[in-house]
Every structure is written in C-alpha cells, then in structure tokens.
Amino acid sequence: AQKVTQTQTSISVMEKTTVTMDCVYETQDSSYFLFWYKQTASGEIVFLIRQDSYKKENATVGHYSLNFQKPKSSIGLIITATQIEDSAVYFCAMREGMSNYNVLYFGSGTKLTVEP
Amino acid sequence: DPKIIQKPKYLVAVTGSEKILICEQYLGHNAMYWYRQSAKKPLEFMFSYSYQKLMDNQTASSRFQPQSSKKNHLDLQITALKPDDSATYFCASSPQNSDYTFGSGTRLLVI
C-alpha cells in the first residue's frame with residue numbers, strides 16, 4: 001500500500017506568487033517524521049524542511065513552510081514568493097518510528113514550474 | 001566538496017553483465033541507504049545499513065547485493081543485469097533520526 005501520496009503531478013505558477021503542494025500519508029506509528037525534498041533539473045536531491053509528528057507548530061525554513069494537519073494525515077508544503085529557481089520536482093517523504101535506519105518512504109513527486 | 005561520492009556518474013552495461021556502483025560518505029553518518037529512481041517507481045527504497053549491518057531490504061531480487069567494506073562505504077553489486085534495471089541509483093546517509101543526504105546518483109543504462 002502506498003504510504004505517501006502526492007496527487008498533484010504538476011503545477012505551474014507565476015513568479016512571486018505562493019504555491020501549495022499537497023501530500024497525505026499513512027502510518028500506524030504514533031511517532032513519525034515528515035520531510036520535503038526537492039529534485040533539481042540536474043537530478044540533485046536536496047532536503048528542504050521537516051515536521052516531527054509530536055510537534056504541533058508548523059515548521060518554517062526560509063520561504064518554505066508546512067501545513068501539518070495531523071487528523072487528516074496531511075503535510076502540505078507552502079512556498080511563498082516563488083522564484084524561477086524554485087522550478088523542480090518536490091517529493092514528500094515519511095519515516096516511521098525512532099530508529100535511524102528506518103526507511104524513508106517517498107511520494108511520486110510534484111513538478112513545479114515557476115514562470116516569469 | 002561533495003559529502004557523498006557516487007561513482008561512476010554514468011554507466012552503460014550489456015544485458016547479463018555485472019556492475020558495482022560505488023558510494024562513499026564523508027559526513028560521519030552511521031546509516032546508509034540505496035534508492036532507485038525510474039520512470040515507473042520514483043525513489044524506491046532498496047536497502048538500509050546501520051554500522052555496516054543490513055537493517056532492511058525491500059528489493060525482491062537477490063541480483064542486488066550491497067557491500068560495506070568500511071563504515072563509510074556502501075557499494076551496490078548488480079549481477080545478471082536486465083534492461084529493466086535501467087534507472088538512477090541514489091546512495092544516501094543520515095545521522096540518528098534526521099533527514100537523509102543524497103549523493104548525486106549513478107545513471108545506469110542496460111542495453
């Protein structure tokens with residue numbers, strides 16, 4: 001069964017606007033970690049931001065923020081003031097439990113295009 | 001300087017042959033992983049290692065064998081290569097309960 005689902009295949013926005021990318025996850029664990037990664041056109045995969053399940057406050061890093069809705073098993077990524085260089089594929093991911101070798105499950109990705 | 005080195009960057013192999021994908025990390029992490037990315041299954045987990053021990057294996061085929069000769073190395077040996085093995089293979093590492101750092105990947109084409 002798919003543990004992490006991203007239903008938006010691609011999104012196109014104008015530069016300097018705000019975009020939200022959706023992600024829902026499935027887990028039976030009481031403790032889990034949620035991540036967003038970005039894959040650039042060169043193929044590089046870069047960590048962006050993280051939300052720990054026990055934290056109520058939404059994480060924010062630079063112009064990235066999260067909309068964590070635990071009852072809905074949802075972790076949306078919000079990018080404000082988008083720039084051309086934000087164009088990339090964005091992956092949502094989840095790790096269950098407290099062990100550091102636990103698997104990081106990825107969604108299928110959302111391709112973001114930021115147009116001038 | 002890259003913190004995770006994957007070699008080679010590109011690899012073309014003949015069906016039925018054997019190849020080894022190299023991964024070295026210089027981040028001091030004790031956990032290392034292999035992921036495969038193809039058009040069919042984006043970022044699919046293959047193996048996880050912690051302190052050079054296999055922790056999880058979700059690759060069905062025994063043709064894929066990870067090898068850890070040193071604590072900061074996790075190579076991937078693939079035998080009897082098939083065209084379906086064509087993909088980009090990413091190595092990653094992480095400290096305790098933290099995010100992964102990915103290498104730049106090895107793009108494998110099996111002809």
Side-chain angles (χ1 to χ4, degrees), chain A residues 1-10 21 23 25 29-55 59 61 64 66 75 77 88-111, chain B residues 2-6 8-11 23 25 27-59 66 68 71 74 87-108:
Chain A
Q2 191 84 2
K3 283 188 176 277
V4 181
T5 303
Q6 296 178 253
T7 56
Q8 299 160 305
T9 307
S10 63
M21 282 176 266
C23 176
Y25 56 91
D29 279 22
S30 57
S31 178
Y32 51 91
F33 305 88
L34 301 163
F35 304 85
W36 279 88
Y37 285 81
K38 166 184 175 180
Q39 186 170 33
T40 64
S42 67
E44 185 186 12
I45 301 172
V46 179
F47 164 71
L48 296 176
I49 191 169
R50 146 186 185 161
Q51 180 80 37
D52 297 350
S53 62
Y54 55 87
K55 292 185 177 178
V61 176
Y64 302 109
L66 296 177
I75 184 73
L77 174 68
V89 178
Y90 289 80
F91 291 97
C92 175
M94 176 182 67
R95 169 189 273 178
E96 297 169 307
M98 299 300 290
S99 176
N100 72 319
Y101 55 79
N102 282 356
V103 177
L104 191 61
Y105 292 100
F106 283 85
S108 55
T110 297
K111 182 177 182 180
Chain B
K3 301 293 195 276
I4 299 183
I5 297 173
Q6 287 191 244
K9 194 171 178 66
Y10 302 99
L11 187 56
C23 177
Q25 58 98 356
L27 295 161
H29 296 163
N30 59 285
M32 296 184 71
Y33 317 85
W34 277 102
Y35 278 77
R36 174 169 53 192
Q37 186 177 40
S38 66
K40 294 177 185 177
K41 292 185 180 181
L43 287 170
E44 176 189 17
F45 170 78
M46 299 180 73
F47 302 97
S48 65
Y49 265 64
S50 181
Y51 294 105
Q52 293 186 267
K53 291 184 180 178
L54 178 67
M55 291 294 156
D56 198 349
N57 173 3
Q58 294 188 13
T59 301
S68 182
K71 68 176 182 179
L74 185 63
T88 300
Y89 291 81
F90 286 97
C91 175
S93 70
S94 73
Q96 182 79 21
N97 291 331
S98 188
D99 57 280
Y100 287 18
T101 299
F102 282 84
S104 55
T106 292
R107 189 171 294 180
L108 172 65

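The basis for the numbers below is simple: all heavy atoms, side chains too, and nothing from hydrogens, waters or symmetry mates. Chain letters run A, B, ... following the sequence lines, proteins first and then strands; every chain starts at 1.
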Looking at Tyr100(B) and Val103(A), what are the two nearest heavy atoms and their distance? OH-C, 3.8 Å

Close aromatic pair by centroid cut-off 6.0 Å: Tyr37(A) and Phe102(B): yes

Rounded to the nearest 0.5 Å, what's the gap from CG on Leu104(A) to OG on Ser48(B)? Could you check? 11.0 Å

Which heavy atom of Phe91(A) sits nearest a heavy atom of Pro42(B), and at what distance? CE2-CB, 4.1 Å

Heavy-atom contact with chain A under 4.5 Å, split by part of Phe47(B): neither

Among Glu44(B), Gln37(B), Met32(B), residue most engaged with chain A (heavy-atom pairs, under 4.5 Å): Gln37(B)

Between Phe106(A) and Tyr35(B), ring centroids under 6.0 Å: yes

Quick one: side chain to side chain donor-acceptor pair (under 3.5 Å) partners of Asp52(A), sequence neighbours excluded? Arg50(A), Tyr54(A)

Contact check, side chains of Glu44(A) and Phe90(B), non-hydrogen atoms, under 4.5 Å: no

Pairwise side-chain contact, Leu43(B) with Ile45(A), heavy-atom cut-off 4.5 Å (strictly under): yes

Interatomic spacing from CD1 in Ile49(A) to CG in Asp99(B) - rounded to 0.5 Å: 11.5 Å

